[in-house]
Amino acid sequence: MSSALRYVQIGVGGFGQHWCTQVLPRLGRLGLAEPVAAVDINPAVLPKASEQLGLSANQLFTDARAAIEQTRPDFATVVVPPAHHEQIIDLAVEYGCHILSEKPIADSIAACCRIYRKVKQAGLKMAVTMSHRFDQDKQTLERRVKSGRYGRLDYVVGRNTWTCRRRGQWGEFRYDIPDALLIEGTVHHFDIMRALAGANARRVHCRTWNPEWSEFKGDCQGLMLVEMANGVNVFYEGAKANATTLNNWGQDYWRAECELATLELDNRRLRILSDLEGERQCQEVPLDEQDAWINPWLAELFVNWLNGASPPPNTLDDNIHCAALLFAAIESAHTGRVIDVPAFLDEHMDRVK
Ligand SMILES: NC(=O)c1ccc[n+]([C@@H]2O[C@H](COP(=O)([O-])OP(=O)(O)OC[C@H]3O[C@@H](n4cnc5c(N)ncnc54)[C@H](O)[C@@H]3O)[C@@H](O)[C@H]2O)c1
């Protein structure tokens with residue numbers, strides 16, 4: 001364990017529990033990294049994390065600065081709500097720590113661009129855990145689409161619809177923030193679109209709204225069209241206040257219309273269909289297998305990167321294009337305009353030069 005990197009886990013309530021039980025213990029078992037502190041502004045959640053991570057009382061903090069100052073970790077893991085990401089990342093930059101952060105980079109395009117500049121200027125490494133793109137079912141679909149066996153990709157249809165209209169059915173803070181669907185939900189699906197298409201977005205036209213029966217303050221339903229830079233089109237439906245959960249987290253619907261076959265992923269079943277030979281050919285494909293998926297896999301790739309391996313696919317350099325699509329979609333939803341995504345990113349990046 002002597003060569004293991006040292007980290008501080010920031011945010012251990014909510015999704016931090018996934019980190020403390022599924023992600024971080026695995027890094028320890030692999031001998032890749034060991035915790036030196038856990039931080040949460042809510043002291044009530046610290047004892048559980050202490051037990052899960054094997055930390056003693058003097059390694060628990062309610063203040064991220066004190067934790068980083070006293071333990072000087074190699075990297076920090078950031079699992080606090082998006083509006084707090086920048087303040088934590090600023091601290092990591094100040095103390096020269098690499099960063100593995102939960103999505104989205106931040107809660108505004110301005111903050112995302114500031115973070116991008118600060119991390120790059122400091123010469124630090126940062127990656128963003130876009131969990132769902134790296135799930136077993138989406139990775140199997142992506143690998144199949146990119147295999148070339150089914151010809152060129154024409155367009156993609158995606159759906160993630162859920163019944164969580166009552167406060168608390170999804171994490172509490174999401175009922176109070178603006179654009180909850182896009183910031184906290186569709187951000188994952190934007191990244192999946194980019195992965196399936198193998199390109200960043202060129203233009204987005206998005207419409208969001210909030211039905212009377214929802215307890216969200218911000219818009220929680222949306223439809224959109226995204227045109228990718230390589231000409232692939234994407235149609236997407238996202239909803240949190242429907243009467244039926246058709247495709248919840250981890251069970252989402254993606255259909256990739258390729259030149260020679262339709263690849264349909266629905267509730268973790270992948271089917272490949274074609275009528276081109278006359279009668280319908282339909283083949284159900286087993287999902288790929290590997291040791292770990294989503295955040296446990298991404299954390300391993302991140303530490304390997306810090307140790308000199310190639311960059312993982314979810315670096316800040318990659319993820320800034322996901323943030324650009326996210327906030328361009330929000331701009332489209334607020335204005336009704338079609339947004340040119342690269343121009344939108346350039347404009348905001350220029351403002352923080
Ligand atoms: N990748 C995924 O699938 C996934 C799923 C859920 C949440 N998330 C992300 O995880 C992050 C946290 O979301 P959540 O659902 O856990 O939120 P949450 O509100 O349930 O929990 C956040 C925790 O952070 C603590 N906290 C807040 N500000 C802090 C600060 N400045 N310093 C230290 N601790 C602080 C809170 O006390 C709380 O315990 C968000 O970025 C969210 O988007 C990702």
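Atoms within each ligand, like the ligands themselves, are counted from 1 in listed order.
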CA sep, side-chain torsions, deciding dist, call: Trp249, His189, ring-ring contact (aromatic ring centres under 6.0 Å, His included): CA-CA 10 Å; Trp249 290 116; His189 308 124; 5.2 Å; yes

Arg6 vs Asp74, salt bridge (charged side-chain N to carboxylate O under 4.0 Å, His left out): CA-CA, chis, key distance, verdict: CA-CA 5 Å; Arg6 303 164 72 255; Asp74 297 300; 5.4 Å; no

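- For atom 20 (O) of ligand 1, the closest heavy atom belonging to the protein is Gly14 CA, 3.3 Å.
- Under the 4.5 Å side-chain heavy-atom criterion for Ile, Leu, Val, Met, Phe, Trp and Tyr, Ile320 and Val204 are members of the same hydrophobic cluster.
- Contacts between Gln87 and ligand 1 below 4.0 angstrom, taking non-hydrogen atoms only, involve the side chain exclusively.
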Working for salt bridge (charged side-chain N to carboxylate O under 4.0 Å, His left out), residues Asp266 and Arg255: CA-CA 8 Å; Asp266 190 6; Arg255 177 155 45 84; over 6 Å; no

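- Atoms of ligand 1 found under 4.0 Å from any heavy atom of His132 (numbered from 1 in listed order, with element): 3 (O).
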Full working for salt bridge (charged side-chain N to carboxylate O under 4.0 Å, His left out) between Lys103 and Asp191: CA-CA 11 Å; Lys103 42 49 67 171; Asp191 211 38; over 6 Å; no

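- In this structure, atom 41 (O) of ligand 1 lies nearest to the protein heavy atom Lys103 O, 2.8 Å.
- Residue contacts with ligand 1 leave out Met130, since none of its heavy atoms falls under 4.0 Å from the ligand.
- Of the charged side-chain nitrogens involved, at least one lies within less than 4.0 Å of a carboxylate oxygen, so that Glu142 and Lys146 count as a salt-bridged pair.
- Nearest approach of Ala38 to Val12, heavy atoms of both residues: CB-CG1, 4.2 Å.
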Verdict with reasoning, Lys120 to Asp317, per salt bridge (charged side-chain N to carboxylate O under 4.0 Å, His left out): CA-CA 9 Å; Lys120 300 300 286 183; Asp317 278 313; 2.6 Å; yes

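- Protein heavy atom at the shortest distance from atom 14 (P) of ligand 1 is Phe15 N, 3.8 Å.
- Of all non-hydrogen atoms in Glu86 and Ala111, the two that sit nearest each other are OE1-CB, 3.6 Å.
- Set against the non-hydrogen atoms of Glu184, the atoms of ligand 1 under 4.0 Å away are 42 (C), 43 (O).
- Ranked by closest heavy atom to atom 7 (C) of ligand 1, the top entry among Arg174, Gln17, His85 is Arg174.
- In this structure, of Glu102, His18, Arg65, the residue bringing a heavy atom nearest to atom 10 (O) of ligand 1 is Glu102.
- Of the candidates Pro81, Gly11, Pro43, the one placing a heavy atom closest to atom 22 (C) of ligand 1 is Pro81.
- Partner of Leu306 under the side chain to side chain contact (heavy atoms under 4.5 Å, CB included) criterion, out of Leu32, Leu100, Leu5: Leu5 alone.
- Residues Val23 and Leu301 do not share a hydrophobic cluster, clusters being chains of Ile/Leu/Val/Met/Phe/Trp/Tyr side chains in contact below 4.5 Å.
- Residue nearest to atom 40 (C) of ligand 1, selected from Leu91, Val80, Leu298, Val79: Val80 (by heavy-atom distance).
- Counting only heavy atoms of the protein, atom 37 (O) of ligand 1 lies nearest to Asp40 OD1, 2.5 Å.
- Residue contacts with ligand 1 leave out Gly171, since none of its heavy atoms falls under 4.0 Å from the ligand.
- Protein heavy atom nearest atom 17 (O) of ligand 1, with residue, atom name and distance: Phe173 CE2, 3.3 Å.
- Under a 4.0 Å criterion applied to the non-hydrogen atoms of Asn42, ligand 1 contributes the atoms 37 (O).
- Of the candidates Val12, Ile41, Asn295, the one placing a heavy atom closest to atom 26 (N) of ligand 1 is Ile41.
- Counting the atoms of ligand 1 from 1 in the order shown, those under 4.0 Å from a heavy atom of Ser131 are 1 (N), 2 (C), 3 (O).
- Atoms of ligand 1 found under 4.0 Å from any heavy atom of His188, numbered from 1 in the order shown, are 1 (N), 2 (C), 3 (O).
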